[in-house]
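Letters go in sequence order (proteins before strands), and every chain restarts at 1. Computed from a prediction, not measured in an experiment: that's the story for all the values here.
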Amino acid sequence: MMRPTSRTALRILSATALLALAWQALTSVLGWKAQFGESNYMANRIRLEEYLLLPAAPRHVLVGSSLSGRLLPEFFAGTSLEGFSTLGLDGSIPLVGLEALAHRADLPSTVFIETYLLEKPWSRNDQMLLDGLASPGTALARKVTLVRASRRPSSLLYSAMKARRDGAGAGVLVTNDPSVREPGPAVDVSPSDPQVVERWRGMLKSLADRGVRAVLVDLPSGEVRMPGGRTAPDLADAMVREFGLARVDLRKSWFERGWKPTYTDGRHLDGASAKATARMLAEWKPQ
Amino acid sequence: MLFNSWTFAVFLPLVFALHYASRRAAWQVGVLTLASFVFYGWHTPWLVFLLILSTAINAQAAQWLMSSGVTGGRRRAVLVGALAFNLGALAFFKYFGLLVRTLVPESWRGSMPGWFAEVPLPIGISFYTFQGISLVMESWQAGTAGFPGLHPPRGPREMMWFHGRIWFFKAFFPQLIAGPIVKAADFFHQIGPKRLGQIDWAGAVRKLILGFFLKMVVADNLKEATSVLSYPQFLDLPRTNLWLLLYGYSFQIFADFAGYSFIAQGLARLFGYELPLNFDHPYLSTSITEFWRRWHLSLSSWLREYLYIPLGGNRHGEVRTYLNLFLVMFLGGLWHGAAWSYAVWGTGHGLMLALERLTGIGRADPSKLPAWRRMLGIAVTFHLVSLLWLLFQLPDIRHAAAYVRCLFTNPGGLLPQYGFVIVLFGTPVALHHLWGATRAWRERCGPLWAGRLDVAVHAVLFFLVLVNAGTPGDFIYFQF
């Protein structure tokens, strides 16, 4: 005869199992999948898990911060970069995205690396994100859809609300303004942290050894007109020279056309500008 | 080792199985004691030596204090020595750095070794030291008669069992790192052989689910949103966000600490032990006086028993009572950490307690207050408590003052992402308090409906633990 206290505990556990099964069925049948997370960590988990769950590595991947995160894969549909994947991680640096690539057995043929946070050192949050990828939780998420970040009820709710809010301004088009072609004052370049430089060297060498082409990309990050020259070569320039990399300056492409980018918060491109930026990147041809 | 880690998910079933592998109390106590030391030293093994030293000294002191061979001045010397050791260790690891930073000019500090100003804080030292003091005080008061569960040993066999139980009391892993602070007299009588069939499964499961839910779903999801409550990030935020952040941090700190305490209680029940309640819906308090009867109860109870009453409590006139209240809260504040902001936090609470005593607010029975007065009291108390929590996140008092100014002077508007997170994950804290406030109503619904509601609510909470946990991380109270 089971004791009442054991029976109650069993009822709680059984009801939980039923709820979990119902949620699993509901999200699978309705195809619910969060695109955005309500926090940087969750947004990044969603992107990283989705990337790791792809049946095969995409040919082209963009790694970077939240600036890159705006360039959604669907913006590349029908372009030369079809099958594009974005590992733009909120509040994180491109190196984390590159490290995450190693969590798959296969690699993309081209990696576009956002230059915006190239010089930013490794942070505790970056490490936490990578530790999370190596944890049993990620291994479990590969097998059990229920525990994936994209199936979290709060992220689904947030995604739905964000998509609705962003959708309200989706009709905005890129506007012309010839004055944006005028370059601004020269940008100061400060010496790079030797530890960061070393880490980049190691990473780029490892990519080259494994036959992955790396391309550096300058994305609009709040500029409203053509940026001025740099007072000295920056880290990206040094990498270009040392490893013979290509560098695509999409800011230049923007302002040379006389287009004025629009931002949601003064730094991140809005939907229309992000789509136009994606199209510009797709114009890039390997030499 | 963290309760919310994968390592612990392996550790717990292993220890559980080993514990119940034998019905002998000595085996069970041995398994739990050894497991507790493994738990404590998992990430930083050298910390175990400090715990061993503290335990060994307190155990020996307890033995001497209960021994008929140690009397008079020698007995008093043992008490003073043991208290000096406990308080000295706490003072060194927690406050030496603060004293150096406060008293030694910056130019001199450059020539000192680095650890002088930044002594590393051993995790959980505040908690296990307070338990050590409790053991010593109880042993002093009990003398050769002992107290329930701990009597002076006769012969080497009893001696081993005496020390074994003290080592277990000091190290028991569910409450080792962040409490609840267990008083010796409340624990030792529970030590004995435990049977699998005696486990209060429903009680343990409920506590574990609630604890993990508060920590992993509420606190861990609020954490990233409230991290902007730092200087100078908050200066440019709209005031609606600042108010939400203030509430969000209050909810987070409650969910984080109460979550830990509930997990500790649930784990202890799995092994047949009952730990004291640490949180009783504190944001339902109608006054600061009531708040301290609902928040971190084990600390309040410890401070009352081993500090307030020995200082004279309220037995030596009004002035002395106010002074005692003030002193206890000041020291209680400093117990939280080596920064003057904690002292200010404690002093703030002490002043409000004194004011409530002066005006009679603190003496009013909350259950007899009219509804409007209770609601008003809850709202005012919650805001006062939340404003003082700012000092935990903004240790520079000027920054905390700037935050309060910005609450009223910053422009309106709302950054929706932070708002979404705080409202969504703050709501369960409000509901938890509502659950506490509607206890009588639920009981009136009859046992069948109350039982069904209880199962449904806990199932939903557990489901959310599985699918909606936040960013993993430490517990806030680990730093204390």
So what's closer than 4.5 Å to chain B heavy atoms on A/N40: side chain, backbone, both or neither?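 Contact with chain B is through both the backbone and side chain of A/N40.
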A/L13 versus chain B, the contacting section by heavy-atom distance below 4.5 Å: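 Just the side chain, heavy atoms under 4.5 Å.
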Work out which heavy atom in [X] is nearest to a heavy atom in [Y]; give both atom names and the distance.
| X | Y | value |
| --- | --- | --- |
| A/Y116 | A/S65 | CD2-OG, 4.2 Å |
| A/E114 | A/L62 | N-CD1, 4.3 Å |
| B/F3 | B/F212 | O-CE2, 3.5 Å |

Under 4.5 Å from any heavy atom of chain A - which part of [X]:
| X | result |
| --- | --- |
| B/V455 | both |
| B/E224 | side chain |
| B/I209 | side chain |
| B/V457 | neither |
| B/P472 | both |
| B/F462 | both |
| B/A456 | neither |

Neighbours of chain B found in residues 145-156 of chain A - heavy atoms under 4.5 Å: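 Within residues 145-156 of chain A, the residues that come under 4.5 Å of chain B (heavy atoms only) are A/L146, A/V147, A/R152, A/P153, A/S154.
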Row check, B/W201 ring normal vs B/R206 NZ/CZ: under 6.0 Å, within 45°: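 That pair does not qualify as a cation-pi contact.
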May I ask you to check if A/K162 and A/F36 form a cation-pi contact, with NZ or CZ under 6.0 angstrom from the six-membered ring centre and within 45° of the axis?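 Verdict for A/F36: a cation-pi partner in A/K162.
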Counting the benzene-type ring for Trp, do A/H268 and A/Y263 have ring centres under 6.0 Å apart?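 When the ring centroids of A/H268 and A/Y263 are compared, they turn out to be at least 6.0 Å apart.
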Ring centres of B/F11 and B/F8 under 6.0 Å apart?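 Yes, the ring of B/F11 comes within the 6.0 Å limit of the ring of B/F8, centre to centre.
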What I want to find out is whether A/D90 reaches A/R47 closely enough, with some N-O distance under 4.0 Å, to be called a salt bridge.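 Between A/R47 and A/D90 there is a salt bridge, with a charged N closer than 4.0 Å to a carboxylate O.
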With a 4.5 Å cut-off on heavy-atom pairs, point out which of A/R11, A/E38, A/R45 contacts chain B the most.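 Looking at each option in turn, the highest pair count goes to A/E38.
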For a side-chain hydrogen bond (donor to acceptor under 3.5 Å, both in side chains) check, start with the C-alpha distance between B/T471 and B/D220, then their side-chain angles and the critical distance, and finish with the verdict. CA-CA 5 Å; B/T471 316; B/D220 285 352; over 6 Å; no
Under 4.5 Å, heavy atom to heavy atom, which residues of residues 421-433 of chain B contact chain A?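 At a heavy-atom separation under 4.5 Å, chain A is reached by B/V421, B/L424, B/F425.
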When only pairs under 4.5 Å are counted, which of B/L464, B/V460, B/N468, B/L466 shares the most heavy-atom pairs with chain A?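 Of the options given, most contacts go to B/N468.
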